[in-house]
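First the structure, then my questions, so here it is.
Residue numbers start from 1 in every chain, and the chains themselves are labelled A, B, ... in the order their sequence lines are given, proteins ahead of strands.
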There are 2 protein chains.
Amino acid sequence: MESNAARLIRKLEHGVPLGHEEKRALEEACTSVQRFAARDDLVKEGDPTQGVNLILDGYACRYKLLSDGRRQIVGYFLPGDMCDVRVCILKRMDHSIGTLSVVKTAVLSREHVLFLMERYPRLARAFWWATLVEESITREWVVNVGHRTAFERAAHLFCEVFARLQSVGLTTGNSCELPVTQTELADALALSAVHVNRVLMEMRHTGLVTFRAQRLTIHDHDALRSVGGFNSGYLHLDGSLAPVHSELESAG
Amino acid sequence: MESNAARLIRKLEHGVPLGHEEKRALEEACTSVQRFAARDDLVKEGDPTQGVNLILDGYACRYKLLSDGRRQIVGYFLPGDMCDVRVCILKRMDHSIGTLSVVKTAVLSREHVLFLMERYPRLARAFWWATLVEESITREWVVNVGHRTAFERAAHLFCEVFARLQSVGLTTGNSCELPVTQTELADALALSAVHVNRVLMEMRHTGLVTFRAQRLTIHDHDALRSVGGFNSGYLHLDGSLAPVHSELESAG
DNA sequence: CGACATTTTGATGAAGATCAAACTGGGTGG
DNA sequence: CCACCCAGTTTGATCTTCATCAAAATGTCG
């Protein structure tokens, strides 16, 4: 990892190839580092929006609290993810962002992000691409909590996390870090912690997945994808730039 | 409604005030009209992305199909909504867009949208704002299907639809059109049609809401918001431009 | 070791799915 | 104008999944 921005660049280039200048601009933008403890909030719902945090290390999540105190995690932030570019446009946060593990971030001011987007249209497009992928993921989460059984849900989530980590080079073999408790998984899957525990045990017993000591190991990837109904298309990791790209270049 | 773009402009200005030039550019872009029957597809999952449809009249939805044939509606498109700006960036659709009623759209080519965004940075920002709001709505849907009971879910959805229609001037008093069957409502709420029916009857009997003949009438708005846990903040309809706006102007 | 969080196990209960069938109402064609 | 059809709604009965409550087991860290 040569620079703080390296993982972000690697991620963005799944969508929009960047030029040398744009990469340098990103690297220069990501110098101010900040650290957060596990289970701390980066941003709270209702806050006026501040700068953008680029996750350098560690795991975070978006979540919303319900009036009865229950919590729904509506998405994960993994290293290389920006949270939350939307603060540059919207006035206040409609949800919170919290850490799951210890997290190291690079902080970009809103002004700086907007400047980057004005100065480098391709970066603007890359940021937009990233938010679109995020939205796509959120939509898949609606399907997940809406229509899948507990077992399928967990399988699908594991597939997603693994695929996303793989895309930024953070898996080793068939396993990856996933520093969350079963209770936190329950918040993401919209299940009770007890039921999550039962699902996880069943996955272990059937030899599908082992989730233990903050680490996820997928023993049978095909089977897991199959039970979870996982189709990675919604992650748009396949160099998915629309072919109009060249025309745009000349138009600009 | 003076022009095809009028409702879109009205919607976008909830987020980003537009200048005369930008409005004219939008109006000029929205001349090519297309019509769709009820329950037709505007776009199918897996399609290479095409142009953008601006909904002029009628209701549509995003949906995903599961392998067992069940369907999850992951969002509604109401008049003034664009579906789907993301086609300008992503290569293929990860979900389908279908009509609920008869729908009239204005079609913009991808090239034209990209041109508009290059030429008018403020429009680019407005489009981005719109996609962020959409994402915010999707997130709220995760909470809805994940953590709320059937009754609460329906209440929340009704509040959302009403608020969104109100923001583009499509409500009359305490009622609005909602041309969907109970089965389609079930697809959006991740419930069975039978259960939706029971919820709707209960709402009628308690005098909260009447949903009948494609029309939604809210008799007790406060109570409905309260049971649904509805807080309109996530729709960002409150002139939510971040205060950085003026700085940006000078930076450009 | 002791305190504390987390995982595991068991028992019971509730929300909502599923299946099946009856009812309603608008539209069509004879 | 009536008979019929079909989509949508309503009702009832049964079954599953998962939540909830409670408590024991395990593990971790000072």
At 4.0 Å (heavy atoms only), tell me whether B:Ala213 reaches a base, stays on the sugar-phosphate, or touches nothing. nothing
In whole angstroms, the gap separating P of C:dT8 from CG of A:Asn197 amounts to 5 Å
- Which is true for B:Leu191 with a 4.0 Å heavy-atom rule: it touches a base, it touches only sugar-phosphate, or it touches nothing? sugar-phosphate
For B:Gln72 and A:Gly146, the nearest pair of non-hydrogen atoms, with its separation, is OE1-CA, 4.0 Å
**Message:** Just to be sure I understand the rule, does A:Arg153 reach a base, reach only the sugar-phosphate, or reach nothing, if contact means heavy atoms closer than 4.0 Å?
**Reply:** nothing
Checklist entry - Is it the case that B:His236 and A:Asp94 place a side-chain donor and acceptor less than 3.5 Å from each other? => result yes
Taking D:dT11, D:dT10, C:dG10 as options, the one with an atom nearest any side-chain atom of B:Arg198 is D:dT11
Picking from D:dT20, D:dG12, D:dC18, the nucleotide nearest the side-chain atoms of A:Val194 would be D:dT20
Could you tell me whether B:Thr181 contacts a base, only the sugar-phosphate backbone, or nothing, with contacts defined as non-hydrogen atoms closer than 4.0 Å? sugar-phosphate
Cation-pi between B:Arg71 and B:Tyr63: NZ/CZ under 6.0 Å from ring centre and within 45° of the ring axis? yes
Closest to the side chain of A:Gln182, out of D:dT10, C:dT7, C:dT9, is C:dT7
**Study point:** Side-chain donor-acceptor contact under 3.5 Å, A:Tyr234 with A:Glu160
**Key:** yes
